[in-house]
J.: 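Encoded as structure tokens, here's the structure I'll be asking about.
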Amino acid sequence: MKIAFYGTKPYDRVWFEPMGKEYGFDIHFIEASCSQETVFMAKGCDAICIFVNDYVNAGMIDTLYEMNVKAILLRSAGFNNVDVKAAEDKIVILRVPSYSPEAVAEFSMAMLLTVNRLTHKAYNRTRDFNMSLNGLMGIDLFEKTAGVIGTGKIGQAMIRILNGFQMHVLCYDPFPVEGLEAEYVSLDKLFQSADVISLHCPLNSDTRHIINKEAIAMMKKGVYLVNTSRGALIDTQALIDGMLEGKFGGVGLDVYEEEEGVFYEDRSNDIIMDDNLARLVTFPNMLVTSHMGFFTREAMQAIAKTTLENAYALENGLPLVNQVGREMLS
Ligand code: NAD
């Protein structure tokens, strides 16, 4: 199988190159993201392999189909960046539904602890022998109320971590699961009661801007918000307005609505044209990271393994256990 591997970074090759060889795959590593302009680079390949900030729209599906590309191998769990309906009956979509929920949950807690206890600022201060504590006061998480939106694999891992901090955990999910050390409540109740809110639901038509002006209005003053899920769960303008009003104790964003083309790239010498992103990074109680919740050795290894197993199953007519279909859209 010949695979066009888009958005290649050095750390992708570490895992995919040796494992791909073991499977006998011919992987063409391409640095460019998959887009309207670069889709033609997959000519002659059987599959394309893409990550979260590559996209495949309906027109590109047709192009891939005409080029006889049979599969889209997602190196991610989320599939909001592919037009799943357009791909039906044309191209198989395979994903990595789970690689290390703990990696993302642990990173969510790292973000929460950072924006609460401001360790990133303390680090910079003490390197400059500024030993002042002014402006660095946080809150105890012990016995506070956390709200988890989405209780799938990552949400459950986050609940276990929050339990470890002895927080009272509220959660919301239209498909509740039993046996969690957390109390399911309505979304409104969660917004009204939580001192800390962490987002772990997928991006779909129901969840787009689940954090909007109305939701923020319901939240407690001083609430902490962490989003390691997908950027468009939050209405950025509403978040900025909330920040300006002093609503939030702290906010951690590992994902951002308009992250495509910016995240994963070094733009330090560029003029940033996205005013909202430029504004977000200026808030002293905001931490923006570049969609890196997944980024652990264990997760990277598991992503490579499952992606290549998916390709192997397709090539050998085995059951496609990780196929993405239209029924998964809502
Ligand atoms: P999952 O499918 O195991 O869980 C998602 C949960 O969200 C499910 O329980 C589902 O019922 C629930 N859900 C669906 N609609 C909802 C709604 N309207 N409101 C509340 N909950 C709803 O997925 P997961 O593995 O836990 O991953 C969650 C998300 O994390 C992914 O969709 C992806 O966007 C994101 N993610 C981010 C990173 C990162 O590096 N930052 C890495 C992996 C995944």
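Counting convention: from 1, in listed order, for ligands and their atoms alike.
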J.: Record the part of A77 in heavy-atom contact with ligand 1 below 4.0 Å; permitted values are side chain, backbone, both and neither.
T.: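 For A77, there is no contact with ligand 1 at all, from either part.
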
J.: What do you reckon, does D173 have a nitrogen or oxygen under 3.5 Å from a nitrogen or oxygen of ligand 1?
T.: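 N/O-N/O distance below 3.5 Å exists for this pair.
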
J.: Just to be sure I read this right, does ligand 1 sit under 4.0 Å from the backbone of K153, its side chain, both, or neither, counting only heavy atoms?
T.: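 Both the backbone and the side chain of K153 come within reach of ligand 1.
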
J.: Could you tell me whether a side-chain N or O of N227 sits under 3.5 Å from a main-chain N or O of S229, the two making a donor and an acceptor?
T.: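 Yes.
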
J.: Any atoms of ligand 1 less than 4.0 Å from a non-hydrogen atom of Y172? List them with their elements.
T.: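 Near Y172, the atoms of ligand 1 are 19 (N), 20 (C).
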
J.: If the condition is side chain to side chain contact (heavy atoms under 4.5 Å, CB included), which residues does V226 pass it with, not counting sequence neighbours?
T.: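 With neighbours one apart ignored, the set is S108, M111, L112, S198, T228.
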
J.: Within the structure, is a non-hydrogen atom of L203 found at a distance of less than 4.0 Å from ligand 1?
T.: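 No heavy atom of L203 comes that close to ligand 1.
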
J.: Determine, considering heavy atoms only, which of S229, S98, G231 sits nearest to atom 30 (O) of ligand 1.
T.: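 The nearest heavy atom belongs to S229.
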
J.: Give me the nearest non-hydrogen protein atom to atom 13 (N) of ligand 1 as residue plus atom name, then the distance to 0.1 Å.
T.: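 Answer for atom 13 (N) of ligand 1: P202 CD, 3.7 Å.
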
J.: Identify the closest protein heavy atom to atom 22 (C) of ligand 1: which residue and atom is it, and at what distance?
T.: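 Residue, atom and distance for the closest contact: P174 CD, 3.4 Å.
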
J.: Find all atoms of ligand 1 within a distance of less than 4.0 Å from any non-hydrogen atom belonging to V104, and give their numbers and elements.
T.: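 Counting from 1, the qualifying ligand atoms are 38 (C), 42 (C), 43 (C).
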
J.: Below 4.0 angstrom, N of the basic side chain to O of the carboxylate: do E102 and R160 qualify?
T.: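 The answer is yes: the pair qualifies as a salt bridge.
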
J.: Could you please spell out the steps behind the side chain to side chain contact (heavy atoms under 4.5 Å, CB included) verdict for C34 and I48?
T.: CA-CA 9 Å; C34 185; I48 63 166; 4.1 Å; yes

J.: Any atoms of ligand 1 less than 4.0 Å from a non-hydrogen atom of T207? List them with their elements.
T.: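 Ligand 1 atoms under the 4.0 Å threshold to T207: 16 (C), 17 (C), 18 (N).
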
J.: Applying a strict 4.0 Å limit to heavy atoms, is G78 in contact with ligand 1?
T.: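 No, that is not the case, since the closest heavy atom of the residue is not under 4.0 Å from the ligand.
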
J.: Does D235 pair with R208 as a salt bridge, N-O distance under 4.0 Å?
T.: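 Salt bridge between D235 and R208, a charged N being under 4.0 Å from a carboxylate O: no.
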
J.: Can you list the ligand 1 atoms lying under 4.0 Å from a non-hydrogen atom of T228?
T.: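 In order of numbering, the contacting atoms are 36 (N), 37 (C), 38 (C), 39 (C), 41 (N).
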
J.: Check for me whether R279 meets the cation-pi criterion with F283, that is, NZ or CZ under 6.0 Å from the six-membered ring centre and within 45 degrees of the ring axis.
T.: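 Pair R279/F283 counts as cation-pi.
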
J.: How far is atom 26 (O) of ligand 1 from its nearest protein heavy atom, and which residue and atom is that?
T.: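 Sorting protein heavy atoms by distance from atom 26 (O) of ligand 1 puts I154 N, 2.8 Å first.
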
J.: For residues F294 and F51, establish whether the separation of their ring centroids is below 6.0 Å.
T.: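 Aromatic pair counts; centres sit under 6.0 Å.
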
J.: Do me a favour and list the nearest non-hydrogen protein atom to atom 28 (C) of ligand 1 with residue, atom name and distance?
T.: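 Going atom by atom, the protein heavy atom closest to atom 28 (C) of ligand 1 ends up being H200 O, 3.4 Å.
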
J.: Is there a path of hydrophobic side-chain contacts, each under 4.5 Å between heavy atoms, that joins Y264 and L203?
T.: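 They do not share one cluster, since no chain of ILVMFWY contacts under 4.5 Å joins Y264 to L203.
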
J.: Any nitrogen or oxygen of G152 lying under 3.5 Å from a nitrogen or oxygen in ligand 1? Just yes or no.
T.: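 N/O-N/O distance below 3.5 Å exists for this pair.
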
J.: Hey, is ligand 1 close enough to V255 that some N/O pair sits below 3.5 Å?
T.: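 It does not: no N or O of V255 is found under 3.5 Å from an N or O of ligand 1.
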
J.: State yes or no: are the ring centers of F142 and F165 separated by less than 6.0 Å?
T.: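 No, ring centres 6.0 Å or more apart.
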
J.: Determine, for E265 against K9, whether the closest basic-nitrogen to carboxylate-oxygen distance falls under 4.0 angstrom.
T.: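 So E265 pairs with K9 through a salt bridge.
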
J.: Do R75 and F5 meet the cation-pi criteria used here (NZ or CZ under 6.0 Å from the six-membered ring centre, within 45° of the axis)?
T.: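 Output yes; distance and angle both within limits.
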
J.: Write out the residue and atom name of the closest protein heavy atom to atom 33 (C) of ligand 1, then the distance separating them to 0.1 Å.
T.: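 Its nearest protein heavy-atom neighbour is R230 NH1, 3.5 Å.
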
J.: Check each atom of ligand 1 against the heavy atoms of F294 and keep those under 4.0 Å away; list them by number with element.
T.: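 This gives 39 (C), 40 (O) as the contact atoms.
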
J.: For ligand 1, is there an N or O atom under 3.5 Å from any N or O atom of Y99?
T.: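 No.
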
J.: By number and element, which atoms of ligand 1 are closer than 4.0 Å to a non-hydrogen atom of H291?
T.: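 Counting atoms of ligand 1 from 1, those under 4.0 Å from H291 are 39 (C), 40 (O), 41 (N).
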
J.: Any side-chain heavy atom of L287 within less than 4.5 Å of one from L253?
T.: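 No, every pair of side-chain atoms sits at 4.5 Å or beyond.
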
